[in-house]
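In what follows, a structure is listed as structure tokens, so that the remarks can point back to it.
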Amino acid sequence: MAEKMPAIMKTKPAYGAELVEVDVPKPGPGEVLIRVLATSICGTDLHIYEWNEWAQSRIKPPQIMGHEVAGEVVEVGPGVEDLQEGDYISAETHIVCRKCYACRHNRYHVCQNTKIFGVDMDGVFATYAIVPAQNAWKNPKDMKPEYAALQEPLGNAVDTVLAGPIAGRSTLITGAGPLGLLGIAVAKAAGAYPVIVSEPSEFRRKLAKKVGADYVLNPFEEDPVEVVMSITDGAGVEVFLEFSGAPKALEQGLKATTPGGRVSLLGLFPRDVTLDFNNLIIFKALEVHGITGRHLWETWYTVSSLIQSGKLNLDPIITHKYKGFDKYEEAFELMRAGKTGKVVFFPHKG
Ligand SMILES: NC(=O)C1=CN([C@@H]2O[C@H](COP(=O)(O)OP(=O)(O)OC[C@H]3O[C@@H](n4cnc5c(N)ncnc54)[C@H](O)[C@@H]3O)[C@@H](O)[C@H]2O)C=CC1
Ligand SMILES: CC(=O)[C@H](N)C(=O)O
Ligand SMILES: [Zn+2]
Ligand SMILES: [Zn+2]
């Protein structure tokens, strides 16, 4: 195996990243080394690339980026018992402590001491990467690497969509970025109808239709509330799934939700949000869920089964595939421009 490897690294506290040659790491106690087969870009990676306020407050360069991955175990560190060379795995990105109050209540997805690889330590945008054995998820041998890498963000989408009943329920999704597109795929696979999607980007509205949205609208040209009311004969939607992080979308979605309906909030807002809580939530007795990470490990079982069921229309969502990392700047710029769904790198050129 090579001694050196290419990696996309946040080398300095500024916009962008660099493609560098670094040493192939050695797995320590409780760790495995994987040969990365596929790795995909998350919106969080884009925040790190752009070096926004959140990234400046959290990321400590130099650091290898990336956290969505599928790979093959090539070396097992001391003390690892349930993994062996040749295992085909993906990885839960949240490294949890199992000691805090949340962990001791089986709420690992909100562990108070969460560390995230690719965020708080070296990540997976490289040909080899270190994964803590406790975070490894074994994949069926026949699962496409690009699907296997998507399981981590699919977990966010599954927890958002399936936070309550959805089969046969009218559903509004705001934001058809990579995560919102995954949300549409999960909602359709789970029997939601109609699925109405509000998204300003024409490129992404077209993708939303391909993935299975029943209606798409441009919130900058039509009032999402009016469209929803006309489709639902004035009732409003039973389920509102927020995937945009846009304050306006939140307000519109709450107005479009039927009294007593369910709201799942995944999108992260750029700033504090002012909201008419009394009339938009309290007097409508809405059920509101904050969504983060993935429930460990039941969400991974649901995601893997949904992929294996063949009912998730993932191919239209994976809009860009790159062999190697040479064109990483193009990939990030296209994503910044909103001209992509999910972008996947296959690090090994051979
Ligand atoms: N809670 C969690 O654990 C996680 C949350 N996130 C957040 O989820 C959100 C979605 O992630 P990505 O799809 O990667 O983000 P993205 O930024 O690529 O997609 C957001 C989409 O919302 C659209 N949008 C903007 N304003 C809108 C409006 N007024 N109405 C409807 N749509 C609007 C944009 O055109 C874009 O397509 C982001 O805010 C991200 O930070 C991402 C990962 C984990
Ligand atoms: C930080 C991330 O982007 C990650 N996908 C998560 O689920 O926390
Ligand atoms: Zn992510
Ligand atoms: Zn914990």
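All ligand and atom numbering here is 1-based and tracks the order in the structure. As the structure is a prediction and not an experimental result, all values here were calculated from the model. For the single chain, residues carry numbers from 1 onward in sequence order. Computation of the quantities below employed the complete heavy-atom set of this structure, encompassing side-chain atoms and omitting hydrogens, waters and symmetry-equivalent molecules.
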Quiz item: Rounded to the nearest 0.5 Å, how far apart are NE2 of His94 and CZ of Phe117?
Solution: 10.0 Å
Quiz item: Is it true that Pro153 lies under 4.0 Å from ligand 2, counting heavy atoms only?
Solution: no
Quiz item: CD/Glu92 to OG1/Thr299 distance, rounded to the nearest 0.5 angstrom?
Solution: 8.5 Å
Quiz item: Would Trp137 and Tyr88 satisfy ring pair (Phe, Tyr, Trp, His ring centres under 6.0 Å), going step by step from the backbone distance to the final call?
Solution: CA-CA 8 Å; Trp137 172 263; Tyr88 175 35; over 10 Å; no
Practice problem: Could you tell me which atoms of ligand 1, counted from 1 in the order shown, lie closer than 4.0 angstrom to a heavy atom of Glu199? | Solution: 21 (C), 22 (O), 23 (C), 34 (C), 35 (O), 36 (C), 37 (O)
Quiz item: Which heavy-atom pair separates Ile34 from Gly71 by the least distance, and what is that distance?
Solution: CD1-CA, 4.2 Å
Quiz item: Tyr328 and Phe345: ring pair (Phe, Tyr, Trp, His ring centres under 6.0 Å), yes or no, with the steps?
Solution: CA-CA 9 Å; Tyr328 76 97; Phe345 294 112; 7.8 Å; no
Exercise. Write out the residue and atom name of the closest protein heavy atom to atom 7 (O) of ligand 2, then the distance separating them to 0.1 Å.
Key: Arg294 NH1, 3.0 Å
Quiz item: Quick check: does Arg204 get an N/O under 3.5 Å from an N/O on ligand 1?
Solution: yes
Self-check item: Contact partition for Asn156 relative to ligand 1, non-hydrogen atoms under 4.0 Å
Solution: side chain
Quiz item: Which value, rounded to 10°, describes the SG(Cys97)-the Zn ion (ligand 4)-SG(Cys111) angle?
Solution: 110°
Quiz item: Asp326 and Lys349: salt bridge (Lys or Arg N to Asp or Glu O under 4.0 Å), yes or no, with the steps?
Solution: CA-CA 10 Å; Asp326 300 345; Lys349 292 180 180 173; 2.7 Å; yes
Quiz item: In the protein, which heavy atom is nearest to atom 1 (N) of ligand 1, and how far is it?
Solution: Ile291 O, 2.9 Å
Quiz item: What closest approach, in Å, do Arg294 and His109 show between heavy atoms, and which atom pair accounts for it?
Solution: O-CB, 3.1 Å
Self-check item: Per-atom contacts, ligand 2 versus Cys42 - under 4.0 Å to a heavy atom
Solution: 3 (O)
Quiz item: ligand 1 versus Leu46, non-hydrogen atoms closer than 4.0 Å: side chain, backbone, both, neither?
Solution: neither
Exercise. For ligand 2, indicate whether the residue His67 contacts it via side chain, backbone, both or neither (heavy-atom separation under 4.0 Å).
Key: side chain
Quiz item: What protein heavy atom sits nearest atom 5 (C) of ligand 1, and how far away is it?
Solution: Leu266 O, 3.3 Å
Quiz prompt | Value rounded to 0.5 Å, distance of OG1 in Thr160 from CG in Leu241 | solution = 7.0 Å
Practice problem: Would you confirm whether any non-hydrogen atom of the protein falls under 4.0 Å from atom 18 (O) of ligand 1? | Solution: yes
Quiz item: So which heavy atom in the protein is nearest atom 33 (C) of ligand 1, and how far is it from that ligand atom?
Solution: Pro200 CD, 3.4 Å
Practice problem: Could you say whether the N/O atoms of Phe220 and ligand 1 ever approach to under 3.5 Å? | Solution: no
Quiz item: When only distance counts, is Phe243 in polar contact with ligand 1, meaning an N/O pair under 3.5 Å?
Solution: no
Practice problem: Within a distance under 4.0 Å of any heavy atom of Gly43, pick out the atoms of ligand 1 and give their elements. | Solution: 14 (O)
Quiz prompt | Point-to-point distance, once rounded to the nearest 0.5 Å, from CG of Leu286 to CZ of Phe240 | solution = 10.0 Å
Exercise. Identify whether the distance between the nearest side-chain nitrogen and carboxylate oxygen of Asp214 and Lys188 falls below 4.0 Å.
Key: yes
Self-check item: Contact check, His47 vs ligand 1, heavy-atom distance below 4.0 Å
Solution: yes
Exercise. Look at atom 15 (O) of ligand 1 and say whether a protein heavy atom is found at less than 4.0 angstrom from it.
Key: no
Practice problem: List the closest protein heavy-atom neighbour of atom 38 (C) of ligand 1: residue, atom name, distance to the nearest 0.1 Å. | Solution: Leu268 N, 4.2 Å
Practice problem: Looking only at non-hydrogen atoms, find the nearest pair between Ser40 and Glu68 and report the distance. | Solution: OG-OE1, 2.6 Å
Quiz item: Looking only at heavy atoms, is any part of Asn156 under 4.0 Å from ligand 2, and if so is it the side chain, the backbone, or both, or is it neither?
Solution: side chain
Quiz item: Passes side chain to side chain contact (heavy atoms under 4.5 Å, CB included), Val124 versus Ile64? Steps please.
Solution: CA-CA 7 Å; Val124 297; Ile64 297 171; over 6 Å; no
Quiz prompt | Any donor-acceptor pair under 3.5 Å from Ser304 side chain to Tyr301 backbone | solution = no
Quiz item: Would you call Asp120 and Arg58 a salt bridge, taking side-chain N to carboxylate O under 4.0 Å as the test?
Solution: yes
Self-check item: Atoms of ligand 1, numbered as shown, that sit under 4.0 Å from any heavy atom of Ala246
Solution: 26 (N), 27 (C), 28 (C), 29 (N)
Quiz item: Contact between Gly267 and ligand 1, counting heavy atoms under 4.0 Å?
Solution: yes
Quiz item: Relative to the heavy atoms of Gly293, which atoms of ligand 1 are at a distance of less than 4.0 Å?
Solution: 3 (O)
Quiz item: Between Glu152 and ligand 2, does any nitrogen or oxygen pair lie at a separation below 3.5 Å?
Solution: yes
Quiz prompt | Nitrogen or oxygen of Thr174 less than 3.5 angstrom from that of ligand 1 | solution = no
Quiz item: What's the spacing between Phe269 CZ and Glu242 CD if we round to 0.5 Å?
Solution: 4.5 Å
Quiz item: Centroid-to-centroid, Tyr128 to His348, below 6.0 Å?
Solution: yes
Quiz item: Below 4.0 Å from any atom of ligand 2, is there a heavy atom belonging to Val119?
Solution: no
Quiz item: Is the CD atom of Glu53 crowded by more than 12 outside heavy atoms at less than 6.0 Å?
Solution: no
Exercise. Report, as yes or no, whether the 6.0 Å neighbourhood of atom NZ on Lys12 holds more than 12 heavy atoms from other residues, nucleotides or ligands.
Key: no
Practice problem: Could you list which atoms of ligand 1 come closer than 4.0 Å to a heavy atom of Ser198? | Solution: 31 (C), 32 (N)
Quiz item: Of the protein's non-hydrogen atoms, which lies at the shortest distance from atom 3 (O) of ligand 2, and what is that distance?
Solution: Thr44 OG1, 2.6 Å
Quiz item: Does one hydrophobic cluster hold both Val76 and Val131, with members joined at side-chain heavy-atom distances below 4.5 Å?
Solution: yes
Quiz prompt | Identity and separation of the nearest protein heavy atom to atom 43 (C) of ligand 1 | solution = Leu179 CD1, 3.6 Å
Quiz item: Counting from 1, what ligand 1 atoms have a heavy atom of Pro219 closer than 4.0 Å?
Solution: 30 (N)
Exercise. List every atom of ligand 1 that sits less than 4.0 Å from any heavy atom of Ala249, numbering the atoms from 1 in the order shown and giving each element.
Key: 28 (C), 29 (N), 30 (N)
Exercise. Do me a favour and list the nearest non-hydrogen protein atom to atom 22 (O) of ligand 1 with residue, atom name and distance?
Key: Ser244 CB, 3.3 Å
Practice problem: State if His94 counts as touching ligand 2 under the rule of any non-hydrogen atom under 4.0 Å. | Solution: yes
